[in-house]
Amino acid sequence: MKRAIVTGITGQDGSYLAELLLGKEYEVHGFVRRSSNITRPRLDHLTSDLELYNQRLFLHYSDLEDMTTTRRLILAIQPDEIFHLAGQSHVGASFEIPESTCEFTAMGTLRLLEIIRDCPKRPKLLHIGSSEIFGLPTQSPQSETTAFNPITPYGVAKAFAVQMVRVYRESFGFFACNAICFNHESPRRGESFVTRKITRAAARIKLGLEKGLSLGNVEGQRDWGFAPDYVDAFWRMLQADQPTDLVLSTGKLHRVRDWLEIAFAHVGLDWRQLIKLDDRLVRKADPATLLGDSSLARKLLGWQPSTDFEKMVRQMVDADLAIAREDLHAAPKNC
Ligand code: G4F
(Lines give C-alpha, C1' and ligand atoms only; values in the text may rest on other atoms or scores of the structure.)
Protein backbone atom coordinates (compact mmCIF):
# COMPACT_ATOMS: atom_id res chain seq x y z
CA MET A 1 0.00 0.00 0.00
CA LYS A 2 1.41 3.41 -0.97
CA ARG A 3 1.42 6.16 1.62
CA ALA A 4 0.80 9.79 0.68
CA ILE A 5 0.76 13.10 2.50
CA VAL A 6 -1.56 15.81 1.19
CA THR A 7 -1.00 19.36 2.45
CA GLY A 8 -4.12 21.47 1.93
CA ILE A 9 -6.38 18.39 2.02
CA THR A 10 -9.39 20.46 3.14
CA GLY A 11 -9.37 22.55 -0.05
CA GLN A 12 -11.05 21.93 -3.38
CA ASP A 13 -8.11 20.07 -4.94
CA GLY A 14 -7.12 18.34 -1.69
CA SER A 15 -10.54 16.79 -1.22
CA TYR A 16 -10.68 15.47 -4.81
CA LEU A 17 -7.14 14.17 -4.48
CA ALA A 18 -7.97 12.38 -1.21
CA GLU A 19 -10.84 10.61 -2.99
CA LEU A 20 -8.64 9.66 -5.91
CA LEU A 21 -5.82 8.29 -3.71
CA LEU A 22 -8.19 6.37 -1.42
CA GLY A 23 -9.79 4.89 -4.56
CA LYS A 24 -6.31 3.68 -5.53
CA GLU A 25 -5.88 1.99 -2.13
CA TYR A 26 -3.40 4.55 -0.76
CA GLU A 27 -3.01 5.33 2.92
CA VAL A 28 -3.64 9.08 2.98
CA HIS A 29 -2.35 11.53 5.60
CA GLY A 30 -3.85 15.00 5.34
CA PHE A 31 -2.20 17.99 6.99
CA VAL A 32 -4.68 20.52 8.33
CA ARG A 33 -4.22 23.88 10.06
CA ARG A 34 -5.65 23.99 13.56
CA SER A 35 -8.57 26.34 14.05
CA SER A 36 -11.45 26.62 16.49
CA ASN A 37 -13.79 25.72 13.64
CA ILE A 38 -13.69 21.95 13.11
CA THR A 39 -16.09 21.71 10.19
CA ARG A 40 -14.49 20.33 7.04
CA PRO A 41 -17.40 20.15 4.62
CA ARG A 42 -15.36 18.96 1.63
CA LEU A 43 -14.13 15.96 3.62
CA ASP A 44 -17.27 15.07 5.58
CA HIS A 45 -18.21 12.21 3.27
CA LEU A 46 -14.76 10.68 3.85
CA THR A 47 -14.32 11.35 7.57
CA SER A 48 -17.81 9.98 8.31
CA ASP A 49 -16.87 6.69 6.63
CA LEU A 50 -15.62 4.55 9.54
CA GLU A 51 -13.97 2.10 7.15
CA LEU A 52 -11.78 4.94 5.89
CA TYR A 53 -11.30 7.48 8.65
CA ASN A 54 -8.42 6.56 10.96
CA GLN A 55 -8.07 3.33 8.96
CA ARG A 56 -6.63 4.61 5.67
CA LEU A 57 -7.37 8.33 5.99
CA PHE A 58 -5.68 10.27 8.79
CA LEU A 59 -5.72 14.00 9.54
CA HIS A 60 -2.86 15.68 11.41
CA TYR A 61 -2.49 19.23 12.67
CA SER A 62 0.45 20.70 10.83
CA ASP A 63 1.34 24.12 9.63
CA LEU A 64 4.10 24.88 7.17
CA GLU A 65 5.18 27.72 9.46
CA ASP A 66 5.74 25.10 12.17
CA MET A 67 8.74 23.26 10.81
CA THR A 68 9.36 21.04 13.85
CA THR A 69 5.86 19.53 13.74
CA THR A 70 5.94 19.11 9.97
CA ARG A 71 9.35 17.45 10.16
CA ARG A 72 8.27 15.12 12.99
CA LEU A 73 5.16 14.04 11.08
CA ILE A 74 6.96 13.46 7.79
CA LEU A 75 9.68 11.42 9.47
CA ALA A 76 7.07 9.35 11.35
CA ILE A 77 4.75 8.77 8.37
CA GLN A 78 7.56 8.06 5.86
CA PRO A 79 5.39 8.78 2.84
CA ASP A 80 6.10 7.55 -0.67
CA GLU A 81 4.56 10.69 -2.14
CA ILE A 82 3.84 14.22 -0.91
CA PHE A 83 1.26 16.36 -2.70
CA HIS A 84 1.90 19.94 -1.60
CA LEU A 85 -1.29 21.90 -2.24
CA ALA A 86 -1.40 24.17 0.83
CA GLY A 87 -0.93 27.92 0.65
CA GLN A 88 -2.73 31.24 0.57
CA SER A 89 -4.53 30.78 -2.77
CA HIS A 90 -6.43 34.05 -3.27
CA VAL A 91 -4.63 36.36 -5.68
CA GLY A 92 -6.66 39.47 -4.78
CA ALA A 93 -6.08 38.90 -1.05
CA SER A 94 -2.33 38.67 -1.63
CA PHE A 95 -2.26 42.47 -2.11
CA GLU A 96 -3.68 42.87 1.40
CA ILE A 97 -1.60 40.14 3.07
CA PRO A 98 1.61 39.91 1.00
CA GLU A 99 3.83 38.87 3.88
CA SER A 100 1.77 35.87 5.00
CA THR A 101 1.16 34.92 1.35
CA CYS A 102 4.93 34.68 0.85
CA GLU A 103 5.38 33.01 4.21
CA PHE A 104 2.96 30.16 3.44
CA THR A 105 3.38 29.84 -0.31
CA ALA A 106 7.05 30.61 -0.87
CA MET A 107 8.80 29.89 2.43
CA GLY A 108 6.41 27.05 3.30
CA THR A 109 7.49 25.25 0.13
CA LEU A 110 11.17 25.87 0.83
CA ARG A 111 10.75 24.51 4.36
CA LEU A 112 9.10 21.39 3.01
CA LEU A 113 11.94 20.88 0.52
CA GLU A 114 14.46 21.19 3.35
CA ILE A 115 12.64 18.54 5.40
CA ILE A 116 12.52 16.17 2.41
CA ARG A 117 16.25 16.77 1.92
CA ASP A 118 16.86 15.20 5.34
CA CYS A 119 14.59 12.17 4.84
CA PRO A 120 16.49 8.85 4.79
CA LYS A 121 14.26 7.76 1.87
CA ARG A 122 13.10 10.86 0.05
CA PRO A 123 9.43 10.88 -0.96
CA LYS A 124 8.39 12.09 -4.40
CA LEU A 125 6.98 15.64 -4.34
CA LEU A 126 4.22 17.24 -6.37
CA HIS A 127 3.99 21.01 -5.89
CA ILE A 128 1.00 22.89 -7.26
CA GLY A 129 2.28 25.89 -9.17
CA SER A 130 0.15 28.52 -10.86
CA SER A 131 -0.33 30.34 -14.16
CA GLU A 132 0.07 33.52 -12.07
CA ILE A 133 3.84 33.03 -12.40
CA PHE A 134 3.48 34.24 -16.02
CA GLY A 135 1.70 37.49 -14.99
CA LEU A 136 2.20 39.62 -18.09
CA PRO A 137 3.38 36.82 -20.36
CA THR A 138 5.99 37.25 -23.03
CA GLN A 139 4.24 34.70 -25.25
CA SER A 140 0.82 33.17 -25.77
CA PRO A 141 -0.14 30.47 -25.04
CA GLN A 142 2.14 29.85 -22.07
CA SER A 143 4.08 26.62 -21.74
CA GLU A 144 6.75 25.13 -19.47
CA THR A 145 9.40 27.26 -21.21
CA THR A 146 7.61 30.62 -20.95
CA ALA A 147 9.53 33.16 -18.86
CA PHE A 148 8.13 34.05 -15.44
CA ASN A 149 6.84 37.62 -15.17
CA PRO A 150 4.55 37.74 -12.12
CA ILE A 151 2.70 40.97 -11.32
CA THR A 152 0.95 40.05 -8.05
CA PRO A 153 2.39 39.16 -4.61
CA TYR A 154 0.77 35.73 -5.02
CA GLY A 155 2.41 35.28 -8.43
CA VAL A 156 5.81 36.27 -7.03
CA ALA A 157 5.44 33.80 -4.14
CA LYS A 158 4.47 31.00 -6.54
CA ALA A 159 7.34 31.86 -8.89
CA PHE A 160 9.75 31.52 -5.96
CA ALA A 161 8.24 28.16 -4.95
CA VAL A 162 8.17 26.75 -8.49
CA GLN A 163 11.77 27.77 -9.13
CA MET A 164 12.90 26.40 -5.77
CA VAL A 165 11.35 23.01 -6.60
CA ARG A 166 13.35 23.09 -9.85
CA VAL A 167 16.55 23.92 -7.93
CA TYR A 168 16.09 20.98 -5.54
CA ARG A 169 15.33 18.65 -8.47
CA GLU A 170 18.40 19.76 -10.42
CA SER A 171 20.82 20.23 -7.53
CA PHE A 172 19.87 17.45 -5.13
CA GLY A 173 18.26 14.92 -7.47
CA PHE A 174 14.79 15.16 -5.93
CA PHE A 175 11.87 13.50 -7.70
CA ALA A 176 9.98 16.80 -7.51
CA CYS A 177 7.49 18.21 -10.02
CA ASN A 178 5.57 21.43 -10.49
CA ALA A 179 2.02 21.19 -11.83
CA ILE A 180 1.71 24.67 -13.37
CA CYS A 181 -2.03 24.91 -13.05
CA PHE A 182 -4.28 27.32 -14.86
CA ASN A 183 -7.61 28.11 -13.17
CA HIS A 184 -9.64 25.04 -12.27
CA GLU A 185 -13.11 25.07 -10.80
CA SER A 186 -15.81 22.77 -9.41
CA PRO A 187 -18.80 22.86 -7.06
CA ARG A 188 -16.21 22.65 -4.24
CA ARG A 189 -14.51 25.90 -5.27
CA GLY A 190 -14.15 28.45 -2.46
CA GLU A 191 -16.89 31.07 -2.42
CA SER A 192 -14.52 34.03 -2.79
CA PHE A 193 -13.28 33.03 -6.26
CA VAL A 194 -15.14 34.75 -9.08
CA THR A 195 -16.55 31.55 -10.60
CA ARG A 196 -18.18 30.25 -7.43
CA LYS A 197 -19.20 33.78 -6.47
CA ILE A 198 -21.17 33.94 -9.71
CA THR A 199 -22.74 30.45 -9.65
CA ARG A 200 -23.68 30.84 -5.98
CA ALA A 201 -25.19 34.28 -6.57
CA ALA A 202 -27.20 33.06 -9.59
CA ALA A 203 -28.69 30.28 -7.44
CA ARG A 204 -29.38 32.44 -4.38
CA ILE A 205 -30.87 35.34 -6.35
CA LYS A 206 -33.11 32.89 -8.19
CA LEU A 207 -34.43 31.56 -4.87
CA GLY A 208 -34.84 35.03 -3.38
CA LEU A 209 -32.05 34.62 -0.83
CA GLU A 210 -30.03 37.51 -2.28
CA LYS A 211 -30.79 40.52 -4.44
CA GLY A 212 -27.61 41.19 -6.42
CA LEU A 213 -23.88 40.64 -6.77
CA SER A 214 -20.87 42.99 -6.67
CA LEU A 215 -17.93 42.20 -8.94
CA GLY A 216 -14.65 43.74 -10.06
CA ASN A 217 -13.24 43.31 -13.57
CA VAL A 218 -15.73 41.26 -15.62
CA GLU A 219 -13.59 41.52 -18.77
CA GLY A 220 -10.81 39.41 -17.20
CA GLN A 221 -9.95 36.34 -19.28
CA ARG A 222 -8.77 33.00 -17.97
CA ASP A 223 -8.26 29.41 -19.09
CA TRP A 224 -10.78 27.63 -16.84
CA GLY A 225 -10.77 23.84 -16.47
CA PHE A 226 -12.47 21.30 -14.20
CA ALA A 227 -10.63 20.60 -10.90
CA PRO A 228 -10.96 16.76 -10.80
CA ASP A 229 -9.16 16.57 -14.16
CA TYR A 230 -6.20 18.51 -12.77
CA VAL A 231 -6.01 16.37 -9.65
CA ASP A 232 -5.86 13.29 -11.85
CA ALA A 233 -2.84 14.83 -13.60
CA PHE A 234 -1.13 15.50 -10.23
CA TRP A 235 -1.22 11.78 -9.49
CA ARG A 236 -0.06 10.82 -12.99
CA MET A 237 2.91 13.19 -12.71
CA LEU A 238 4.30 11.27 -9.73
CA GLN A 239 3.84 7.90 -11.50
CA ALA A 240 5.97 9.00 -14.50
CA ASP A 241 9.51 7.67 -14.95
CA GLN A 242 11.10 11.12 -14.77
CA PRO A 243 10.17 14.19 -12.70
CA THR A 244 9.19 17.17 -14.78
CA ASP A 245 7.15 20.38 -14.69
CA LEU A 246 3.96 20.39 -16.69
CA VAL A 247 1.38 23.01 -17.61
CA LEU A 248 -2.20 21.88 -16.94
CA SER A 249 -4.79 23.85 -18.87
CA THR A 250 -7.64 23.54 -21.37
CA GLY A 251 -6.14 25.85 -24.03
CA LYS A 252 -9.42 27.80 -24.23
CA LEU A 253 -10.01 31.37 -23.08
CA HIS A 254 -13.20 32.73 -21.58
CA ARG A 255 -14.17 35.99 -19.91
CA VAL A 256 -15.69 36.50 -16.47
CA ARG A 257 -18.76 37.80 -18.32
CA ASP A 258 -19.13 34.36 -20.01
CA TRP A 259 -19.66 32.88 -16.54
CA LEU A 260 -22.31 35.53 -15.92
CA GLU A 261 -24.08 34.82 -19.24
CA ILE A 262 -24.22 31.04 -18.79
CA ALA A 263 -24.89 30.91 -15.04
CA PHE A 264 -27.68 33.48 -14.96
CA ALA A 265 -29.28 32.20 -18.19
CA HIS A 266 -29.34 28.72 -16.61
CA VAL A 267 -31.69 30.02 -13.91
CA GLY A 268 -33.63 32.24 -16.31
CA LEU A 269 -32.23 35.61 -15.15
CA ASP A 270 -30.54 38.53 -16.92
CA TRP A 271 -27.24 39.27 -15.14
CA ARG A 272 -27.05 42.83 -16.48
CA GLN A 273 -29.85 43.87 -14.16
CA LEU A 274 -28.36 42.19 -11.09
CA ILE A 275 -24.63 42.97 -11.15
CA LYS A 276 -22.99 45.98 -9.57
CA LEU A 277 -19.44 46.83 -10.57
CA ASP A 278 -17.41 47.73 -7.50
CA ASP A 279 -14.02 49.43 -7.92
CA ARG A 280 -12.89 48.01 -4.58
CA LEU A 281 -12.94 44.53 -6.16
CA VAL A 282 -10.71 45.59 -9.06
CA ARG A 283 -7.16 44.45 -8.39
CA LYS A 284 -4.15 46.77 -8.41
CA ALA A 285 -2.70 44.48 -11.09
CA ASP A 286 -4.45 41.60 -12.81
CA PRO A 287 -3.07 39.37 -15.57
CA ALA A 288 -5.32 40.15 -18.52
CA THR A 289 -5.00 36.98 -20.57
CA LEU A 290 -3.58 33.74 -19.24
CA LEU A 291 -3.87 30.87 -21.71
CA GLY A 292 -2.11 27.55 -21.26
CA ASP A 293 -0.44 25.18 -23.70
CA SER A 294 -0.71 21.75 -22.05
CA SER A 295 0.47 19.74 -25.06
CA LEU A 296 3.45 18.32 -23.12
CA ALA A 297 1.19 17.01 -20.32
CA ARG A 298 -1.14 15.50 -22.92
CA LYS A 299 1.80 13.79 -24.61
CA LEU A 300 3.69 12.55 -21.52
CA LEU A 301 0.73 11.64 -19.30
CA GLY A 302 -1.92 10.71 -21.85
CA TRP A 303 -3.94 13.36 -20.01
CA GLN A 304 -6.67 15.60 -21.31
CA PRO A 305 -9.28 17.85 -19.72
CA SER A 306 -12.67 16.14 -19.78
CA THR A 307 -15.33 18.69 -19.11
CA ASP A 308 -16.49 21.41 -21.45
CA PHE A 309 -16.83 24.94 -20.16
CA GLU A 310 -20.60 25.43 -20.39
CA LYS A 311 -21.31 22.06 -18.81
CA MET A 312 -19.02 22.93 -15.88
CA VAL A 313 -20.71 26.30 -15.27
CA ARG A 314 -24.17 24.71 -15.30
CA GLN A 315 -23.04 21.89 -13.02
CA MET A 316 -21.78 24.45 -10.49
CA VAL A 317 -25.03 26.41 -10.65
CA ASP A 318 -27.04 23.20 -10.10
CA ALA A 319 -24.90 22.33 -7.07
CA ASP A 320 -25.40 25.86 -5.68
CA LEU A 321 -29.15 25.63 -6.29
CA ALA A 322 -29.24 22.47 -4.16
CA ILE A 323 -27.34 24.22 -1.34
CA ALA A 324 -29.54 27.34 -1.62
CA ARG A 325 -32.70 25.20 -1.37
CA GLU A 326 -31.38 23.69 1.86
CA ASP A 327 -30.63 27.19 3.19
CA LEU A 328 -34.11 28.29 2.22
CA HIS A 329 -35.72 25.47 4.16
CA ALA A 330 -33.44 26.08 7.14
CA ALA A 331 -34.27 29.82 7.24
CA PRO A 332 -36.66 30.87 10.02
CA LYS A 333 -40.11 31.68 8.62
CA ASN A 334 -42.10 34.79 9.55
CA CYS A 335 -45.31 33.62 11.27
O1 G4F B 1 -11.45 33.65 -9.48
P2 G4F B 1 -10.25 34.51 -9.32
O3 G4F B 1 -10.04 35.10 -7.98
O4 G4F B 1 -9.02 33.62 -9.78
P5 G4F B 1 -7.49 33.98 -10.11
O6 G4F B 1 -7.11 35.30 -9.57
O7 G4F B 1 -7.30 33.80 -11.58
O8 G4F B 1 -6.68 32.87 -9.31
C9 G4F B 1 -7.05 31.50 -9.29
O10 G4F B 1 -6.41 30.80 -10.34
C11 G4F B 1 -4.96 30.79 -10.27
C12 G4F B 1 -4.43 30.01 -11.46
O13 G4F B 1 -4.77 28.68 -11.35
C14 G4F B 1 -4.52 30.17 -8.95
F15 G4F B 1 -3.17 30.15 -8.88
C16 G4F B 1 -5.11 30.94 -7.79
O17 G4F B 1 -4.78 30.29 -6.56
C18 G4F B 1 -6.64 30.94 -7.93
O19 G4F B 1 -7.10 29.62 -7.81
O20 G4F B 1 -10.28 35.71 -10.40
C21 G4F B 1 -10.43 35.48 -11.76
C22 G4F B 1 -10.68 36.79 -12.50
C23 G4F B 1 -9.66 37.88 -12.22
O24 G4F B 1 -9.39 38.57 -13.43
C25 G4F B 1 -10.35 38.81 -11.25
O26 G4F B 1 -9.88 40.15 -11.29
O27 G4F B 1 -11.92 37.32 -12.05
C28 G4F B 1 -11.76 38.70 -11.78
N29 G4F B 1 -12.80 39.15 -10.82
C30 G4F B 1 -13.76 40.08 -11.12
N31 G4F B 1 -14.52 40.29 -10.04
C32 G4F B 1 -12.96 38.74 -9.56
C33 G4F B 1 -14.05 39.46 -9.05
N34 G4F B 1 -12.29 37.83 -8.80
C35 G4F B 1 -12.74 37.62 -7.53
N36 G4F B 1 -12.13 36.69 -6.77
N37 G4F B 1 -13.80 38.32 -7.00
C38 G4F B 1 -14.50 39.26 -7.73
O39 G4F B 1 -15.43 39.86 -7.24
Side-chain angles (χ1 to χ4, degrees), residues 8 11-14 16 84-97 101-102 104-106 108-109 127-137 141-142 146 148 150-162 178-186 188-202 210 212-227 229-231 233-234 246-250 253-260 263 271 274-292 294 305 312-313 316:
Q12 167 187 259
D13 294 359
Y16 284 121
H84 177 37
L85 315 181
Q88 193 296 98
S89 62
H90 200 282
V91 179
S94 76
F95 287 95
E96 307 309 319
I97 47 167
T101 300
C102 290
F104 293 132
T105 300
T109 303
H127 167 247
I128 179 168
S130 166
S131 54
E132 281 283 318
I133 62 175
F134 301 124
L136 288 181
Q142 296 88 53
T146 304
F148 297 177
I151 57 168
T152 63
Y154 172 91
V156 171
K158 277 288 182 194
F160 174 99
V162 166
N178 289 298
I180 304 172
C181 294
F182 283 64
N183 298 48
H184 46 287
E185 316 300 312
S186 77
R188 295 187 198 170
R189 188 57 145 147
E191 291 165 7
S192 62
F193 296 94
V194 79
T195 55
R196 184 77 197 287
K197 223 175 139 174
I198 290 171
T199 59
R200 187 169 177 270
E210 277 168 30
L213 171 67
S214 295
L215 288 175
N217 170 24
V218 296
E219 300 306 329
Q221 298 186 73
R222 292 287 186 276
D223 177 331
W224 275 290
F226 188 49
D229 291 341
Y230 291 54
V231 162
F234 300 168
L246 292 174
V247 161
L248 302 177
S249 66
T250 68
L253 264 187
H254 292 275
R255 289 181 191 276
V256 172
R257 64 165 59 232
D258 296 332
W259 281 84
L260 290 164
W271 67 270
L274 299 162
I275 299 302
K276 206 175 104 200
L277 298 181
D278 184 340
D279 282 347
R280 288 170 300 179
L281 295 170
V282 176
R283 294 177 188 169
K284 290 167 183 53
D286 194 12
T289 310
L290 292 175
L291 175 66
S294 53
M312 174 172 72
V313 180
M316 287 174 62

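These numbers were taken from a predicted model, which means no experiment stands behind them. Whatever order the structure lists them in is the order used to number ligands and atoms, beginning at 1.
- Side-chain atoms of Glu132 and Pro287, non-hydrogen and from C-beta on, do get closer than 4.5 Å to each other.
- Partner of Thr250 under the side chain to side chain contact (heavy atoms under 4.5 Å, CB included) criterion, out of Asn183, Asp223, Asp229, Leu291: Asp223 alone.
- When only non-hydrogen protein atoms are considered, atom 29 (N) of ligand 1 lies nearest to Val194 CG2, 3.6 Å.
- For ligand 1, none of its N or O atoms has an N or O atom of Glu132 under 3.5 Å away.
- A salt bridge is absent between Arg222 and Asp258: the closest approach of a Lys/Arg side-chain nitrogen to an acidic carboxylate oxygen does not fall below 4.0 angstrom.
- Glu185 contributes atom CD, which lies 10.0 Å from atom CD1 of Ile198 (distance to the nearest 0.5 angstrom).
- In this structure, of Ala93, Gly87, Ser192, the residue bringing a heavy atom nearest to atom 36 (N) of ligand 1 is Ser192.
- The protein heavy-atom contact nearest to atom 28 (C) of ligand 1 is Asn217 O, 3.7 Å.
- Residues Leu290 and Gln142 form a side-chain contact, since some pair of their non-hydrogen atoms from C-beta on lies under 4.5 Å apart.
- Every atom of ligand 1 with a heavy atom of Ser130 under 4.0 Å away is listed here by number and element: 11 (C), 12 (C), 14 (C), 15 (F).
- Residues Arg200 and Glu191 are paired through a salt bridge, judged by an N-O separation under 4.0 Å between the basic side chain and the carboxylate.
- In this structure, atom 38 (C) of ligand 1 lies nearest to the protein heavy atom Lys197 NZ, 3.7 Å.
- Nearest-heavy-atom check against atom 17 (O) of ligand 1 across Ala288, Ser89, Gly92 picks out Ser89.
- The closest non-hydrogen atom to atom 12 (C) of ligand 1, taken over Ala201, Ser131, Ser94, comes from Ser131.
- For Tyr154, every heavy-atom contact with ligand 1 shorter than 4.0 Å involves the side chain, none the backbone.
- Summary of contacts: the protein heavy atom closest to atom 8 (O) of ligand 1 is Val91 CG2, 3.5 Å.
- Shortest contact from atom 2 (P) of ligand 1 to any protein heavy atom: Arg283 NH2, 3.7 Å.
- How far CG of Leu274 is from CD of Glu210: 11.0 Å, rounded to the nearest 0.5 Å.
- Nearest protein neighbour of atom 4 (O) of ligand 1, counting heavy atoms only, is Asn183 ND2, 3.5 Å.
- In summary, the atoms of ligand 1 found under 4.0 Å from a heavy atom of Cys181, numbered by their order in the structure, are 12 (C), 13 (O).
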Between Leu213 and Trp271, does a side chain to side chain contact (heavy atoms under 4.5 Å, CB included) hold up when you go through it step by step?
CA-CA 9 Å; Leu213 171 67; Trp271 67 270; over 6 Å; no

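- Below 4.0 Å from some heavy atom of His90 lie the following atoms of ligand 1, by number and element: 36 (N).
- Distance check, rounded to the nearest 0.5 Å: CZ of Phe226 to CZ of Arg189 gives 12.5 Å.
- Taking 4.5 Å as the limit, every side-chain heavy atom of Trp259 sits out of range of all side-chain heavy atoms of Val194.
- Annotation: atom 31 (N) of ligand 1 to nearest protein heavy atom, Gly216 N, 2.8 Å.
- Among all protein heavy atoms, the one lying closest to atom 24 (O) of ligand 1 is Asp286 OD2, 2.7 Å.
- Which parts of ligand 1 touch Arg189 is read off a 4.0 Å heavy-atom cut-off, strictly below it: atoms 9 (C), 18 (C), 19 (O).
- Side-chain contact between Gln88 and Ser94 is present, with at least one heavy-atom pair separated by less than 4.5 Å.
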